Number of protein chains: 2
Amino acid sequence: MAKRGEAVGERISEAEHAVMEALWDERPLTAADVCDRVCGARAWSMPTVKTLLSRLVTKGAVRTEADGRRFLYTPTIERSDYVGHESRRLVDRLFGGRPASLFAQLAESEALTEDDLAEIERLLKELRS
Amino acid sequence: MAKRGEAVGERISEAEHAVMEALWDERPLTAADVCDRVCGARAWSMPTVKTLLSRLVTKGAVRTEADGRRFLYTPTIERSDYVGHESRRLVDRLFGGRPASLFAQLAESEALTEDDLAEIERLLKELRS
DNA sequence: GTCGCATGTCTACAGCCGTAGTCGATGAGT
DNA sequence: ACTCATCGACTACGGCTGTAGACATGCGAC
């Protein structure tokens, strides 16, 4: 069994992630706001969004703030942290922790466009400065 | 609901992935062989491995071949395909499909060692040749 | 003051995942 | 031939995930 994380370490599922994206895009949001942003794309109903939000609150990834009788939801973890965490997880799981292997994989599978290459080159130079 | 893939498109879970790694490392293997390779690290029992193997067979990720009364298990999908698929999934989900953003993220979070940078630089040059 | 609508909570339920036990069949040794 | 160890198949079960219905409650309009 995977180790159970502490405060912010709970795994965020795919559906929950969609809700997080909405909250990262703009915060705070009410449940209705979130539904406006995701119910179209995922064909969800309000109850579904409510469930996901409360699960996220339970997991500690989202915080609520009372606003009259309703809640305003705010993410407690930042997108960059989440993204960084997930990226490292992938690199560890599939590339033995070596980011260069990931890069090689992307290159080999021709997933890199000329723009990507140029951008990466630019970043590399920047890092070397 | 996520779309249900056809022949080889079924999602492979984390535990199943560990079994796949063993099979990618050497094939074909019997269930006992697989257990030898993973039961230590994951503290699994034989029945667990058997279950995972049959689920993988059901999902079409592993093929069996009779050998007397036992089975020899062989992966039907290659590791590089799986790894490429998962990488692209991550890039799509978290980086808007732009690999350069992934790279930027890794750089920013200081997940790149000097060796990684050198290696990536080398690969870049190679691609440009 | 009453009624309805908006909102969160609780409950539900099927399917997948992690983990494992049990059982029937079958090949191997005696 | 008989027994025993193996091996796969079937069954199990609690937890998580995706999805949603029912319900209580309380603000806002009249």
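Since we're looking at a predicted model, the values are computed, not measured. Below, all heavy atoms of this structure are taken into account, side chains as well, without hydrogens, waters or symmetry copies. Proteins come first, then strands; the chains are lettered A, B, ... in the order of their sequence lines, and each starts at number 1.
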Exercise for review: Looking at every strand, decide which applies to A:Thr30 at a 4.0 Å heavy-atom threshold: base, sugar-phosphate, or nothing.
Suggested key: nothing

Check your understanding: Between B:Glu78 and B:Arg27, is there a salt bridge with N-O shorter than 4.0 Å?
Key -> yes

Practice item. Take the protein atom CD of B:Glu65 and the nucleotide atom C1' of D:dC7, then report the distance between them rounded to whole Å. Key: 16 Å

Review point. Closest nucleotide of DNA chain D for A:Ser13 versus for A:Gly68: which of these residues is on the 5' side?
Key: A:Ser13

Study note, to complete from the structure: From the candidates C:dT7, D:dT17, C:dG18, the one with an atom nearest any side-chain atom of A:Arg70 is C:dT7

Review point. Think A:Thr48 has a side-chain N or O under 4.0 angstrom from the OP1 or OP2 of D:dA20?
Key: yes

**Study point:** Nucleotide C:dG18, atom C1' - distance to NZ of B:Lys50 in whole Å
**Key:** 17 Å

Point to revise | Protein-nucleotide distance (A:Leu56, atom CG; D:dG18, atom C1'), rounded to Å | key: 13 Å

Point to revise | Lys/Arg-Asp/Glu bridge criterion (N-O < 4.0 Å) met for B:Glu114, A:Arg128 | key: yes

Review point. Between D:dC7, C:dG8, D:dA20, which nucleotide gets closest to the side-chain atoms of A:Ser45?
Key: D:dA20

Study note, to complete from the structure: Ranking D:dT19, D:dA12, D:dG18 by distance to the side chain of B:Arg55, first place goes to D:dA12

**Study point:** Earlier contact from the 5' end, DNA chain D, for A:Ile12 and A:Pro47
**Key:** A:Ile12

